[in-house]
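No experiment lies behind these values; they were computed from the predicted model shown.
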Amino acid sequence: MSLLVTDLINLDLTDTTKKIIAEYIWIGGSGMDLRSKARTLSGPVSDPKKLPKWNYDGSSTGQAPGTDSEVILYPQAIFKDPFRRGNNILVMCDAYTPAGEPIPTNKRHNAAKIFSHPDVEKEVPWYGIEQEYTLLQKDVHWPIGWPVGGFPGPQGPYYCSAGADKAFGRDIVDSHYKACLYAGVNISGINGEVMPGQWEFQVGPSVGISAGDELWVARYILERITELAGVVLSFDPKPIPGDWNGAGAHTNYSTKSMREDGGLAVIKKAIEKLGLRHKEHIAAYGEGNERRLTGRHETADINTFSWGVANRGASIRVGRDTEKDGKGYFEDRRPASNMDPYVVTSMIAETTILLK
């Protein structure tokens, strides 16, 4: 890229105008494709309620017929834009019909209803989501660092590794980490995963609906960075068949009652409730998850609900510290890497708090 183009991309607008650029982000028709477009605003904005609604052509995203294609974007959360910087912003939106009805792929609307229920609000649910993903070579859709048409050495040396023969794509991972911190996403860590070319970032602890907003914006930022790097981002739960780890989105969860003295009993009761709705949760925890949840590669079998202390082969894992302290949190290990965080976080709250 020529120096002039780079200079223009990095232009600081604050010296010459109060106007800012707002990138409106929404989820497309597949439920995983992120879409966005930008508009100019007259000045800086920090409250999503003060942002204008906008519209887009839903027939081009698989979300509306061509004869009635207008879908309305409602701004819901604001983040700083790490690409344009200055006062420019990223805006996480959800989508509605012109009559104000949430469209079928708008999973945020129902999640917000659950999180605004007084019983749920009172419990201040915290989430920490471990988002695994795989980086693929653009033209062959094969993991980066893998020989084209071939395989690397077996798993073992790659998890949390360093070295040119073991860790592939760290520049993408590190720039994503910093970009999320800049944006105001509550990203709490990163690590290389068991399968080479696979990485993880964690978002949280975040309260209620903000966990979903932050994870979706972190995914969007990662999509943009991989676009710049010429690498394809995959959230497939089992990108490579065979003796390779899949990709999940383990969801750590606690309520106020679980974090207080006597919380372990509350945790056990919550796990019991999750067991009663295992099938419903699995159905909502990501497409293709049956390829990942086989009972191998640190997973529980998809048809069996189990829990244990420090057991990575269980559906639900309780940490040793939680057991020792008699309070804390637990980890739902079932969600796939392509899950919708609005669905998963609100469903966990609904089952554990609202299910009597």
Side-chain angles (χ1 to χ4, degrees), residues 30-34 129-177 189-202 215 218-219 222-251 282-283 285-304 312-315 317 331-341 344:
S30 75
M32 270 308 285
D33 55 319
L34 281 158
I129 302 171
E130 306 170 30
Q131 175 69 72
E132 293 178 341
Y133 60 94
T134 311
L135 298 172
L136 305 175
Q137 300 166 54
K138 191 167 126 205
D139 297 324
V140 290
H141 280 239
W142 198 239
I144 62 168
W146 290 38
V148 176
F151 294 87
Q155 295 183 152
Y158 310 108
Y159 171 71
C160 295
S161 65
D165 56 342
K166 295 181 283 293
F168 312 118
R170 192 187 298 276
D171 52 346
I172 291 169
V173 176
D174 250 2
S175 45
H176 175 249
Y177 196 172
I190 55 161
N191 61 269
E193 266 309 326
V194 177
M195 187 182 94
Q198 199 172 73
W199 293 81
E200 173 183 301
F201 65 89
Q202 301 94 31
L215 191 75
R219 283 174 172 178
L222 187 53
E223 287 277 16
R224 289 281 301 275
I225 291 169
T226 52
E227 173 193 319
L228 289 168
V231 167
V232 173
L233 171 62
S234 171
F235 289 113
D236 190 293
K238 185 77 174 176
I240 308 294
D243 203 9
W244 303 98
N245 272 37
H250 300 156
T251 302
I282 287 293
Y285 273 17
E287 268 185 59
N289 212 6
E290 71 286 346
R291 292 182 282 119
R292 169 182 161 258
L293 295 181
T294 59
R296 298 184 63 222
H297 305 111
E298 300 180 61
T299 70
D301 180 80
I302 194 163
N303 298 309
T304 313
R312 285 183 156 74
S315 314
R317 180 183 69 87
E331 174 192 44
D332 191 339
R333 297 179 61 81
R334 297 170 296 171
S337 48
N338 60 356
M339 62 80 152
D340 186 327
V344 169

Trainee: Taking all atoms of both residues into account, what is the closest heavy-atom pair of W146 and F151, and its distance?
Mentor: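 Heavy-atom minimum between the residues: CZ3-CD2, 3.6 Å.
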
Trainee: Please list, chain by chain and in numerical order, all residues satisfying side chain to side chain donor-acceptor pair (under 3.5 Å) with D332, sequence neighbours excluded.
Mentor: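 Partners of D332 by the side chain to side chain donor-acceptor pair (under 3.5 Å) criterion, ordered by chain and then number, come out as Y285, R334.
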
Trainee: Can you name the side chain to side chain donor-acceptor pair (under 3.5 Å) partners of N191, sequence neighbours left out?
Mentor: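 Partners of N191 under the side chain to side chain donor-acceptor pair (under 3.5 Å) test: E193, Q202.
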
Trainee: Name all residues meeting the side chain to side chain donor-acceptor pair (under 3.5 Å) criterion together with S337; count only those two or more places apart in sequence or in a different chain, and write none if there are none.
Mentor: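 S337 satisfies side chain to side chain donor-acceptor pair (under 3.5 Å) with no residue once adjacent residues are dropped.
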
Trainee: Quick one, Q131 and L215 - any side-chain contact, counting heavy atoms below 4.5 Å?
Mentor: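 Q131 reaches L215 side chain to side chain.
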
Trainee: Quick one: side chains of residues 160-167, donor-acceptor pairs under 3.5 Å with protein atoms, not counting sequence neighbours, listed by atom name and distance.
Mentor:
{"residue": "S161", "atom": "OG", "partner": "Y158", "partner atom": "O", "Å": "2.8"}

Trainee: Sequence neighbours left out, what passes salt bridge (charged side-chain N to carboxylate O under 4.0 Å, His left out) with D174? Give chain and number order.
Mentor: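 In terms of salt bridge (charged side-chain N to carboxylate O under 4.0 Å, His left out), with neighbours along the sequence ignored, D174 is linked to no residue.
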
Trainee: Not counting sequence neighbours, which residues clear side chain to side chain contact (heavy atoms under 4.5 Å, CB included) with T304? List them please.
Mentor: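 Here the qualifying residues are D301.
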
Trainee: Is there any salt bridge (Lys or Arg N to Asp or Glu O under 4.0 Å) pair reaching into residues 132-152, and which pairs are they, with sequence neighbours excluded?
Mentor: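 Matches after skipping sequence neighbours: none remain.
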
Trainee: Taking all non-hydrogen atoms of both residues into account, name the closest pair between M339 and M32 and its distance.
Mentor: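 In terms of heavy atoms, the two residues are closest at O-SD, 4.4 Å.
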
Trainee: Counting only pairs under 3.5 Å, give me each side-chain donor-acceptor contact of residues 237-250, with atom names and distances, residues two or more places apart or in other chains.
Mentor:
{"residue": "K238", "atom": "NZ", "partner": "G242", "partner atom": "O", "Å": "3.3"}
{"residue": "K238", "atom": "NZ", "partner": "W244", "partner atom": "O", "Å": "2.4"}
{"residue": "D243", "atom": "OD1", "partner": "R296", "partner atom": "NH2", "Å": "3.3"}
{"residue": "D243", "atom": "OD1", "partner": "H297", "partner atom": "NE2", "Å": "2.7"}
{"residue": "N245", "atom": "OD1", "partner": "Q155", "partner atom": "NE2", "Å": "3.0"}
{"residue": "H250", "atom": "ND1", "partner": "E130", "partner atom": "OE1", "Å": "3.4"}
{"residue": "H250", "atom": "ND1", "partner": "E331", "partner atom": "OE2", "Å": "3.3"}

Trainee: I'd like to check the side chain to side chain donor-acceptor pair (under 3.5 Å) partners of R291; sequence neighbours left out, ordered by chain and number.
Mentor: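 With sequence neighbours excluded, R291 shows a side chain to side chain donor-acceptor pair (under 3.5 Å) to D236, given in chain and number order.
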
